[in-house]
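So the structure is just underneath, and the comments pick up after that.
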Amino acid sequence: MGRHTAGGTSGSGTVGESPLWLRGGYRLLFACGALWAALVVVLWVGAFADRWTMPTAMAPLAWHQHEMLFGYLGAIIGGFVSAAMPNWTGRPTVTGWRVAAVVGLWLAARLAILFSATVPPLLGAALDSLYLLILLAYAAREIFASGNHNKPILLILFLFAAASAVDHAAMMGALADPMLGMRLGFALILLLIALIGGRITPAFTRNWLVRQGAAEGLPTMPNHFDMVVIGSTALALAAWVVGPESPIAAGLLIAAGALQVVRLARWAGLKALGDPIVFVLHLSYAWLPVGLILLGGAMLSPFLPVSSAVHALGAGAMGAMTLAVMTRATRGHTGRPLKADRATIFIYILAHSGALLRVIAPLLPFDYLAVLALAGALWAAAFLLFLIAYVPMAVRRAPAV
């Protein structure tokens, strides 16, 4: 028990082996994160409609924001790191009781924060921070032990853990700016999408097109232009974190969004329409430039709702991109074909439809609460369908070919 080689597609375990569902943290963390995403949306919409009172010491909106960012995405980042690290470093996958302990810690943090009206808020903050620091320590050990070049990821993970701690401090009244930790964490996730999404999207698209026999019009792989775009995006997000009402930050966000549009156009996304599991990466990434431009515009014009921009980036870029990665990673790491079946296509449709409806909700001539509930239902349904379709893949062997 303990550490085994990457892959994890063998049986459910023999003497001395971990059960299959404990071979790699992504199996449980993706499932737990997906369930939590759906629950957080349902609980928040109900609280917003005054259908129930939340048992947390946080204001309901603050709890919703924290749990979507540091709770749901914290689990998905943990799952992604556990799945990607053996590929990046060539080192064995962590399995067994270590996986169970980390997942248990994540769950304990979620429950402590949810019930912080009766549980001391410091306990939830400590558990939350400990989970993210353990994730950082694992990634650092693997990367430094192997000499892998993905060291910038460690800085983002460290800052993300710091942002979570800052957000807890703000909820306890220790900061003058109650949204500083949220903005910092939000910006870091968007930067991760720009870095990792900007790496895998053109690479997977190119691989698929080459398999189809294409020799021309292939995606442009990352080069100096991409570094300029990522740098511009990082600068714009940093300016927004420091000055969320600054017209300079607004201009930088719009400029970064425009550059991201050009970057996305270089990846030949329309040529991947024939393979939904590839095309969805382009569609999900498109929310990033849209959201950056909307956020900059909302900071300059009272006619553009800030909530629409935030949800284009949150429900759109973050939610849709994580589902795109979760479906592909689960299939790839469990030995399934990298093809989107009907359930997977419905997952993508539900996620993007829910995100779009949430973005345009303030602009529609309908009851806002009803539209909000429908958008939340569509988005949450995408994650529930992921649970139904993908948890069995994570806990069972792939059928013999």
Side-chain angles (χ1 to χ4, degrees), residues 1-36 70-110 126-158 160-161 164 192 196 200 322 325-336 386-387 390-398:
M1 180 177 293
R3 299 170 66 88
H4 298 271
T5 56
T9 58
S10 58
S12 59
T14 59
V15 176
E17 286 187 329
S18 303
L20 186 59
W21 51 277
L22 289 179
R23 298 184 193 179
Y26 71 92
R27 299 176 190 269
L28 286 181
L29 285 171
F30 282 170
C32 291
L35 178 60
W36 193 239
F70 300 106
Y72 161 64
L73 286 171
I76 304 311
I77 290 172
F80 174 79
V81 167
S82 77
M85 203 59 64
N87 291 339
W88 288 355
T89 66
R91 289 168 60 79
T93 303
V94 173
T95 64
W97 67 267
R98 295 174 180 85
V99 171
V102 170
V103 174
L105 179 60
W106 176 87
L107 179 59
R110 309 283 64 81
L127 293 172
D128 214 10
S129 298
L130 181 59
Y131 165 77
L132 293 172
L133 289 174
I134 288 175
L135 181 59
L136 170 64
Y138 163 68
R141 184 187 67 181
E142 299 298 290
I143 286 175
F144 282 109
S146 65
N148 186 262
H149 66 278
N150 283 296
K151 294 180 179 66
I153 298 297
L154 300 179
L155 177 60
I156 293 178
L157 290 175
F158 170 76
F160 190 66
S164 177
L192 268 179
I196 297 176
I200 65 175
T322 51
V325 170
M326 289 156 64
T327 51
R328 187 182 186 97
T330 300
R331 286 184 168 275
H333 285 270
T334 61
R336 268 73 177 186
F386 174 86
L387 287 172
Y390 277 83
V391 168
M393 295 186 198
V395 300
R396 298 176 188 164
R397 285 186 296 175

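A quick note: this is a predicted structure, and the numbers were derived from the prediction, not measured.
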- Task: Report yes if some heavy atom in the side chain of L29 is under 4.5 Å from a heavy atom in the side chain of I76; otherwise report no.
- Result: no

- Task: Answer yes or no: is there a side-chain heavy-atom contact under 4.5 Å between V325 and I200?
- Result: yes

- Message: Applying side chain to side chain contact (heavy atoms under 4.5 Å, CB included) to D128 and R110, what does each step give before you reach the verdict?
- Response: CA-CA 8 Å; D128 214 10; R110 309 283 64 81; 2.8 Å; yes

- Would L20 and R27 count as a side chain to side chain contact (heavy atoms under 4.5 Å, CB included) if you check the C-alpha gap in whole Å, the side-chain angles of each, and the deciding distance to 0.1 Å? CA-CA 9 Å; L20 186 59; R27 299 176 190 269; 3.7 Å; yes

- Any side-chain heavy atom of T93 sitting closer than 4.5 Å to one from R23? no

- Item | Distance-minimising heavy-atom pair for S82 and Y26 | OG-N, 2.8 Å

- Kindly indicate, with the supporting measurements, whether the criterion side chain to side chain donor-acceptor pair (under 3.5 Å) is fulfilled by Y138 and R98. CA-CA 11 Å; Y138 163 68; R98 295 174 180 85; over 6 Å; no

- Query: CZ of F160 to CG of L73: how many Å apart, nearest 0.5 Å?
  - Reply: 6.0 Å

- Note on the structure: What one should report as the nearest heavy-atom pair of M393 and T334 is O-CG2, 3.6 Å

- Item | Validation row: V103, L28 side chains within 4.5 angstrom (heavy atoms) | yes

- Report yes if the distance between the aromatic ring centroids of F30 and F80 is under 6.0 Å, otherwise no. no

- Message: Before you tell me yes or no, could you show the steps for L132 and I77 under side chain to side chain contact (heavy atoms under 4.5 Å, CB included), namely the whole-Å CA-CA distance, both residues' side-chain angles and the distance that decides it to 0.1 Å?
- Response: CA-CA 10 Å; L132 293 172; I77 290 172; over 6 Å; no

- Message: Would you say that W88 contacts E142 through its side chain, given a criterion of any heavy-atom pair below 4.5 Å between the two side chains?
- Response: no

- Message: If you define the side chain from C-beta out and look only at heavy atoms, does anything of F144 sit under 4.5 Å from L154?
- Response: yes

- Task: Return yes if some donor-acceptor pair links the side-chain N/O of T89 with the main-chain N/O of I143 below 3.5 Å, else return no.
- Result: no

- Looking only at heavy atoms, which two atoms of V99 and G25 are closest? And how far apart? CG1-CA, 3.8 Å

- Task: Would you confirm whether W106, through its side chain, and G71, through its main-chain N or O, come within 3.5 Å as a donor-acceptor pair?
- Result: yes

- Can you name the closest pair of heavy atoms from Y131 and G78 and give their distance? OH-CA, 3.7 Å

- Are side-chain heavy atoms of L192 and I153 found at a separation under 4.5 Å? yes

- Item | For T327, side chain to side chain donor-acceptor pair (under 3.5 Å) partners two or more places apart | Y348

- Query: Which heavy-atom pair separates R91 from S146 by the least distance, and what is that distance?
  - Reply: CD-CB, 4.1 Å

- Note on the structure: Nearest heavy-atom contact between P86 and A83 is CD-O, 3.6 Å

- Run the side chain to side chain contact (heavy atoms under 4.5 Å, CB included) check on Y390 and R331 step by step: do they pass? CA-CA 8 Å; Y390 277 83; R331 286 184 168 275; 2.9 Å; yes

- Are C32 and L107 side-chain neighbours, meaning at least one heavy-atom pair lies under 4.5 Å? no

- Report the residues that fulfil salt bridge (charged side-chain N to carboxylate O under 4.0 Å, His left out) with R328, sequence neighbours left out, ordered by chain and then residue number. none

